[in-house]
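Working notes for the structure below.
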Amino acid sequence: MRFQDNRHLKKWIIGPLAAVGILTAGFAVSQAYADTKQDDKILDNVYIGEVAVGGMTEAEAQQAVNGYVQDIQNTKFTLSVNEKSMTATAKQLGVDWENTNVVEEAAMIGKSGSLIARYKDKKDLEHEPKKLEITFGTDEAKIKKFLSANKKKLNQEAEDGGLIRENGSFTITGGKEGIAVNVAESAKTIASYIMEEWDTKEASIALNADVVQPRGSKEQLSKVKDVLGTFSTDYSSSSSGRAMNVSTGCGKINGTLLYPGDEFSVYQAVSPFDAEHGYALAGSYENGTVVETYGGGICQVSTTLYNAIIRAELEVTERYAHSMIVNYVKPSMDAAIAGTIKDLKFKNNTEAPVYIEGTAGGGVITFTVYGEETRRADREVIFESEIISESNPPVQIQGSSSHSVGYVGVQQSSHAGKVARLWKIVKEGGEEKSREEFNNSNYRASPKIITVGTNTSNAEARAYIQNAIASQNESTIYAAAQTAANIAAQPQQPEEPKEENPDAENPDAQNPDQKPEEDPAKDDNKKDDNKKEDKKDNDKKDDKKEDSKKEETKKEDSKKEEAAKDNADQAGKQEENDAKAAVNQKQAAEAQDDSQAAVNQKQAAEAQEDSQAAVNQKQAAQPQEEAKASVNSSRQTAEAGDDSQASVNRKQQAAEAEVKR
């Protein structure tokens with residue numbers, strides 16, 4: 001019984017256990033089937049940051065979270081320094097997504113760990129959502145880079161103390177403190193806020209800044225009182241446009257204050273060159289010729305300043321010579337301005353500020369450099385110009401159909417080619433202490449260009465002046481032009497008609513050289529005898545016709561020779577009458593580079609008029625007008641150059657060529 005009881009007991013225990021096993025197996029199979037269906041989906045009620053990723057695949061969740069992160073990186077920060085502020089995005093400040101594996105973590109919820117752990121995760125999601133946080137970090141180096149590039153928007157520049165020179169004395173103007181962003185400290189402040197306090201919303205951050213003291217204390221500026229260097233040049237013979245440009249450029253430099261170490265650029269100070277900024281059209285150098293440009297004459301401004309600052313012994317960092325020689329300073333003492341290609345730059349290499357005063361008026365421009373004199377009282381700085389070599393270009397004579405024959409004008413004055421250098425000599429107590437080569441300059445030659453009128457309907461006059469032009473002889477071109485004008489002024493002789501040949505028009509007309517025929521009615525017997533004689537007479541008749549034609553040709557040639565002889569005689573007489581005018585005109589042409597060009601040309605024009613009065617007033621009037629045009633052209637060309645220095649002799653140099661560059 002006991003055994004049987006045991007047997008029944010075993011059966012009772014095994015039955016329920018088998019049922020539990022069957023149920024467990026069924027649940028496992030069911031759960032495995034459910035897990036298989038959701039293997040590629042994130043479980044519902046799962047969030048990454050503010051993004052609900054439940055029901056998404058891992059790839060879909062990654063895309064959604066990326067968009068959310070980008071929105072956060074576009075969040076704006078307001079950065080401020082005192083009253084100034086600017087905005088920056090979180091991304092510009094180096095904010096980036098750090099825990100990028102959070103999407104993978106979300107995808108594994110309920111799919112990793114033991115069966116019971118997975119079951120528990122799922123049950124927990126049924127009661128409350130699962131939220132995974134996104135963490136952000138920042139790069140301090142990126143913050144510094146951003147602040148360095150944008151600090152000018154927040155900085156408040158200090159206003160340096162200044163000087164005003166009025167009535168021969170200086171007045172000090174007070175400066176103002178500035179504020180500058182402290183980039184390193186501000187970068188730390190921003191990084192700390194983002195890592196510890198930022199909630200991904202818009203925020204404001206006050207940056208660290210330093211107070212910037214202005215340059216130029218009263219004590220420092222009061223040192224500016226001594227004349228370190230000064231220089232003047234003359235522009236009294238300049239055209240009104242050029243004089244305007246010299247005055248405008250001088251005014252833009254006047255009042256410049258340079259602190260120790262400051263560099264000054266003349267081009268930056270005086271440009272741009274246009275009517276809006278106070279400049280007019282005037283002569284300047286371009287490709288070896290003189291042309292009209294806005295700002296013509298500005299090189300005289302830079303040249304005058306150059307000579308003042310080298311006498312103050314400031315440091316010249318950039319200087320260029322003109323392409324051709326100028327007349328208002330000696331060779332190698334000039335300083336050209338040509339856009340950004342040629343500029344004059346110099347530094348204040350002293351221990352105190354320097355002040356530049358510029359004045360322009362009465363045809364004289366002057367620059368004076370003031371500062372603190374620390375050189376010996378008996379120190380003398382002298383600059384000497386030395387010409388190493390020189391070349392003179394030939395005269396170019398060119399015809400122009402825009403002018404009538406008789407016109408002669410100087411389009412461009414001659415500029416000799418020169419190689420020069422400048423010596424700096426220092427004396428102390430009258431004794432030379434040093435002599436050094438200061439600069440070298442190379443000026444190319446530019447020919448004198450004479451324009452001669454060729455416009456005429458008279459072929460003989462045109463050929464005459466063209467031959468004179470081809471000779472390229474300046475000494476004879478003025479007289480040749482006058483002769484061509486006289487030839488053109490003569491009335492052209494109409495061509496005489498040829499003599500008629502009566503035999504050609506009326507073959508039957510009686511030839512006066514032919515013997516009259518005998519009456520055939522009186523002597524019919526002589527007809528046969530006269531046949532041979534008639535044949536001879538006909539031959540003679542033909543010969544006489546040929547002789548007549550030759551005679552006519554000789555007469556025509558004789559007439560042409562006589563006409564040519566008359567023209568030659570008249571031209572010879574005219575040349576003789578114009579000898580005085582030709583000499584004066586030659587002197588006028590040669591003197592155009594000299595100070596008396598305008599006077600000599602006027603004399604030449606008057607001499608031309610006197611020499612032609614007896615021949616033809618009308619012929620004399622035209623050379624007079626053309627001579628005046630030549631004077632005006634010469635004067636305009638002269639004004640395209642630069643004048644000579646006033647301190648030598650203004651009146652003597654009034655007609656010299658003025659040149660901008």
Side-chain angles (χ1 to χ4, degrees), residues 157-178 213-236 238 240 242-271 276-280 295 297-298 300-314 335 344-375 377 381 645-647 650:
E157 297 295 333
E159 295 180 9
D160 292 337
L163 289 172
I164 299 175
R165 184 168 176 79
E166 294 178 335
N167 301 321
S169 60
F170 287 106
T171 300
I172 298 174
T173 58
K176 184 179 179 180
E177 291 182 344
Q213 295 296 331
R215 295 185 302 175
S217 63
K218 184 176 180 180
E219 179 183 0
Q220 188 180 26
L221 293 173
S222 62
K223 296 178 181 179
V224 181
K225 57 184 178 181
D226 303 316
V227 174
L228 304 182
T230 186
F231 197 79
S232 300
T233 59
D234 181 277
Y235 65 95
S236 58
S238 295
S240 59
R242 189 178 187 280
M244 176 180 175
N245 295 337
V246 171
S247 178
T248 298
C250 179
K252 292 180 181 293
I253 297 174
N254 178 43
T256 298
L257 182 65
L258 300 177
Y259 283 91
D262 285 354
E263 184 178 45
F264 182 77
S265 163
V266 172
Y267 175 75
Q268 290 181 359
V270 299
S271 61
E276 183 180 354
H277 291 84
Y279 292 103
I298 197 65
Q300 186 164 354
V301 176
S302 59
T303 293
T304 308
L305 178 60
Y306 173 66
N307 281 271
I309 64 109
I310 63 175
R311 283 160 175 79
E313 296 189 87
L314 301 185
L344 172 63
K345 295 181 181 179
F346 56 91
K347 281 184 178 181
N348 176 8
N349 56 342
T350 72
E351 298 298 323
V354 294
Y355 178 92
I356 300 174
E357 179 185 49
T359 61
V364 177
I365 177 174
T366 302
F367 280 108
T368 303
V369 180
Y370 293 91
E372 181 183 19
E373 183 60 86
T374 58
R375 298 171 293 185
V381 180
Q645 192 168 342
S647 57
R650 288 192 199 167

For this session: Sorted by first residue and then second, give each salt bridge (charged side-chain N to carboxylate O under 4.0 Å, His left out) pair with at least one member in residues 157-171; sequence neighbours left out.
Result: Asp160-Arg215, Arg165-Glu357
Exercise. Under 4.5 Å between any side-chain heavy atoms of Val369 and Val227, yes or no?
Worked result: no
Exercise. Salt bridge between Arg375 and Glu373, side-chain N to carboxylate O under 4.0 Å?
Worked result: yes
For this session: For residues Gly255 and Tyr355, report the shortest heavy-atom separation together with the two atoms involved.
Result: CA-OH, 3.4 Å
Problem set entry | Side-chain heavy-atom pair Phe264, Leu344 within 4.5 angstrom cut-off | no
Seminar exercise, completed: Looking only at heavy atoms, the pair that brings Ala280 and Asn245 closest together is N-OD1, 2.7 Å
Problem set entry | Non-hydrogen side-chain atoms of Leu257 and Leu221 separated by less than 4.5 Å | yes
Exercise. Got a sec: does the CD of Gln213 have more than 12 other heavy atoms crowding it under 6.0 Å?
Worked result: yes
For this session: Looking only at non-hydrogen atoms, find the nearest pair between Thr368 and Thr366 and report the distance.
Result: OG1-CG2, 4.0 Å
Exercise. So, the side chain of Ser302 versus the backbone of Ala335: is there a donor-acceptor pair under 3.5 Å, distance only?
Worked result: yes
Exercise. With a 4.5 Å limit on heavy-atom distance, are the side chains of Phe367 and Thr230 in contact?
Worked result: no
For this session: Looking only at non-hydrogen atoms, find the nearest pair between Ile365 and Cys250 and report the distance.
Result: CD1-CB, 3.8 Å
Problem set entry | From Lys252 atom NZ to Gln268 atom CD, the distance as rounded to the nearest 0.5 Å | 13.5 Å
Problem set entry | Aromatic contact, Tyr370 with Phe170 (centres under 6.0 Å) | yes
Exercise. Out of curiosity, Ser247 OG to Tyr279 OH, how far, rounded to the nearest 0.5 Å?
Worked result: 10.0 Å
Exercise. If every non-hydrogen atom of Gln300 is compared with every non-hydrogen atom of Asp234, which pair is closest and at what distance?
Worked result: NE2-O, 2.9 Å
Exercise. Does the pair Leu163 and Val224 meet the rule for a side-chain contact (heavy atoms from CB on, under 4.5 Å), with working shown?
Worked result: CA-CA 9 Å; Leu163 289 172; Val224 181; 3.8 Å; yes
Problem set entry | Exercise: identify the closest heavy-atom pair between Pro353 and Pro260 | N-CD, 4.1 Å
